[in-house]
Number of protein chains: 2
Amino acid sequence: MVRVGLTPERLARAGAELADEVGFEHVTVSELARRFDVKVASLYSHLRNSHELKTRIALLALEEVADRGAAALAGRAGKDALAAFADVYRDYAREHPGRYAAMQLRLTPEEAAASAGGRHAQMTRAILRGYDLAEPDQTHAVRLLGSVFHGYVDLELAGGFSHSAPDSQESWTRIVDALDALLRNWPASS
Amino acid sequence: MVRVGLTPERLARAGAELADEVGFEHVTVSELARRFDVKVASLYSHLRNSHELKTRIALLALEEVADRGAAALAGRAGKDALAAFADVYRDYAREHPGRYAAMQLRLTPEEAAASAGGRHAQMTRAILRGYDLAEPDQTHAVRLLGSVFHGYVDLELAGGFSHSAPDSQESWTRIVDALDALLRNWPASS
DNA sequence: CCATTTGCCTAAAAGCTTTAGGCGTGTGCA
DNA sequence: TGCACACGCCTAAAGCTTTTAGGCAAATGG
């Protein structure tokens, strides 16, 4: 009976890798146990239930994206920052589709509060410092940017933009251009 | 042994209602059988497997949204059409969260081709006729609109915008305003 | 070096998925 | 009207995942 040294954190990391390999919807406590060469019941000493595993993977992914975002934003401003941050989302989703799918998991308000979600919003606000937006327009813009990044990446991953011209990279670049233009000329409230 | 009159279509409809009630992730062939007061195995004469049920729900939802979109677009143009179409997405997701979640299901290229997804794209292009956009910018704009609608609704449903000012409706309105302004002043390619 | 905690184990119940094969009911053809 | 056949729902069963309960052995620390 060798002790493998399981911890919730190791399980979450392994779960994240599993998600990238087989898809988040196929992440299962049983499969994870198999990978650690351990009996399934053993994992339940570290995880309340299978949902906790999924939640931990989601939180892990949110942290990783936040870390990448922070790195990308360092020393950048304006459109430069906008484009870099946008690419963080897109690149992460392409590199780690399983983790990205995990990020879509609906968190409870408590889980959300404890997540890196707040950092995401803060970074988006930081980008907007390069533009001249007062509240409440700044919040509207934060929500718009979040929607576009999330929405575009999701549709792209769903295959929505493949096999049709122009290619997705070009749209992505032009959309970031368009967002930059929009933020510089945000329409006054009617 | 009363014949209930099961068909793939009826199962999909019932599955859609089930999804709205209990959440798409809890839609199961077993639960559906229970609702029809029929043994589980009986459903497998009408469905290849549980994934087919989910796919059929997704296709149903895509059709419903397309139908609503077509109705909303009739007799409208420009910003009016844009706002109406945007509301179709948002309202549908709020009325039918389970069906909306089903729409996120990744379809195979064949399934996607047979879906109402094409109608969605066509309608978005129809909206853009009210603006002056030549290719390839029109395609970029189609992708942007799809991203914003999908992304916003998804984040809203995830609870991202609740419990924080300004309220979501206001952001939605202002974002549609902003998109209208952007489409009227689409930046030239650098 | 022993006591306690900790970690992984066996065992078992319950639920979902899926396949195989059977039997009664309805339909259509004579 | 009667009969044959196809179809629709059934029973049975295997395999999988989740989750709980209780046990034994290995690590920890006094």
Side-chain angles (χ1 to χ4, degrees), chain A residues 1-60 98-99 101-102 104-108 111, chain B residues 1-60 98-99 101-102 104-108 111:
Chain A
M1 203 197 300
V2 185
R3 300 204 176 188
V4 187
L6 304 176
T7 65
E9 290 70 27
R10 276 193 71 191
L11 291 174
R13 263 198 307 273
E17 285 163 29
L18 178 58
D20 286 334
E21 288 175 37
V22 303
F24 185 62
E25 68 278 15
H26 295 124
V27 169
T28 171
V29 178
S30 298
E31 179 58 31
L32 204 56
R34 241 169 265 132
R35 301 232 162 174
F36 278 102
D37 200 31
V38 140
K39 296 298 171 183
V40 191
S42 305
L43 299 200
Y44 283 84
S45 311
H46 306 278
L47 302 169
R48 201 185 326 285
N49 50 40
S50 85
H51 187 256
E52 181 178 340
L53 171 61
K54 289 169 188 160
T55 301
R56 280 184 182 276
I57 296 172
L59 295 175
L60 175 72
R99 286 158 151 99
Q104 316 309 323
L105 193 141
R106 261 67 170 151
L107 299 176
T108 65
E111 290 165 347
Chain B
M1 206 196 299
V2 185
R3 299 205 178 188
V4 188
L6 304 176
T7 65
E9 290 70 29
R10 276 194 71 192
L11 292 174
R13 262 198 308 272
E17 285 163 30
L18 179 57
D20 286 334
E21 287 175 38
V22 305
F24 185 62
E25 68 279 14
H26 295 123
V27 169
T28 169
V29 178
S30 297
E31 178 58 30
L32 204 55
R34 240 169 265 132
R35 302 230 163 176
F36 279 102
D37 200 30
V38 141
K39 296 299 170 181
V40 190
S42 305
L43 299 200
Y44 282 85
S45 312
H46 307 277
L47 301 169
R48 202 186 325 284
N49 50 42
S50 85
H51 188 255
E52 181 177 340
L53 172 61
K54 288 169 190 160
T55 302
R56 281 184 180 275
I57 297 173
L59 295 175
L60 175 72
R99 285 158 152 98
Q104 316 309 322
L105 193 140
R106 259 68 170 155
L107 299 176
T108 66
E111 291 164 346

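All chains are named by letter (A, B, ...) in the order of the sequence lines, taking the proteins before the strands, and each is independently numbered beginning at 1. As the structure is a prediction and not an experimental result, all values here were calculated from the model.
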Indicate yes or no for a side-chain donor-acceptor contact from B/Arg10 to the backbone of B/Gly5 under 3.5 Å, with no hydrogens or angles considered. yes

Closest nucleotide among C/dA20, D/dT20, D/dT18 to the A/Ser50 side chain: D/dT18

Could you state the atom-to-atom distance from CZ of A/Arg3 to C1' of D/dA26 in whole Å? 4 Å

Using whole Å, what does the distance between atom P of nucleotide D/dT19 and atom CG of A/Leu32 come to? 14 Å

Could you state the atom-to-atom distance from CG of B/Leu6 to C1' of C/dT25 in whole Å? 15 Å

What's the OH-C1' distance between A/Tyr44 and C/dA12, to the nearest Å? 14 Å

Selection from C/dT10, D/dC9, D/dT18 that lies nearest to any side-chain heavy atom of A/Ala41: C/dT10

Side-chain donor/acceptor of B/Glu111 to backbone N/O of B/Thr108, under 3.5 Å: yes

Separation of D/dT18 P from B/Glu25 CD (nearest whole Å): 15 Å

Hey, is the side chain of A/Ser45 poking within less than 4.0 Å of OP1 or OP2 on C/dT6, counting only N and O atoms? no

If you check every side-chain atom of A/Arg34, which of D/dT18, C/dC9, D/dC16 has the closest atom? D/dC16

A/Glu52 side chain to A/Arg48 backbone, donor-acceptor under 3.5 Å: yes

Rounded to the nearest angstrom, tell me the gap between atom CZ in A/Phe36 and atom P in C/dC8. 10 Å

Of D/dT19, D/dC9, C/dT17, the nucleotide closest to the side chain of A/Asn49 is D/dT19

Are any side-chain N or O atoms of A/Ser42 and backbone N or O atoms of A/Val38, one a donor and one an acceptor, separated by less than 3.5 Å? no

Using atom NZ of B/Lys39 as one end and atom P of D/dC9 as the other, report the distance to the nearest whole Å. 14 Å

Over how many whole Å does the gap from B/Leu47 atom CG to C/dT19 atom C1' extend? 15 Å

Ignoring backbone atoms, establish whether B/Arg48 has a side-chain N or O less than 4.0 Å from OP1 or OP2 of C/dT19. no

Hey, is the side chain of A/His46 poking within less than 4.0 Å of OP1 or OP2 on C/dC8, counting only N and O atoms? yes

Any B/Ser42 side-chain nitrogen or oxygen under 4.0 Å from OP1 or OP2 of D/dC10: yes

Below 4.0 Å: OP1/OP2 of C/dG15 and any side-chain N or O of B/Thr28: no

For the side chain of B/Val29, starting at C-beta, report the closest nucleotide among C/dT17, D/dT18, C/dC8. C/dT17

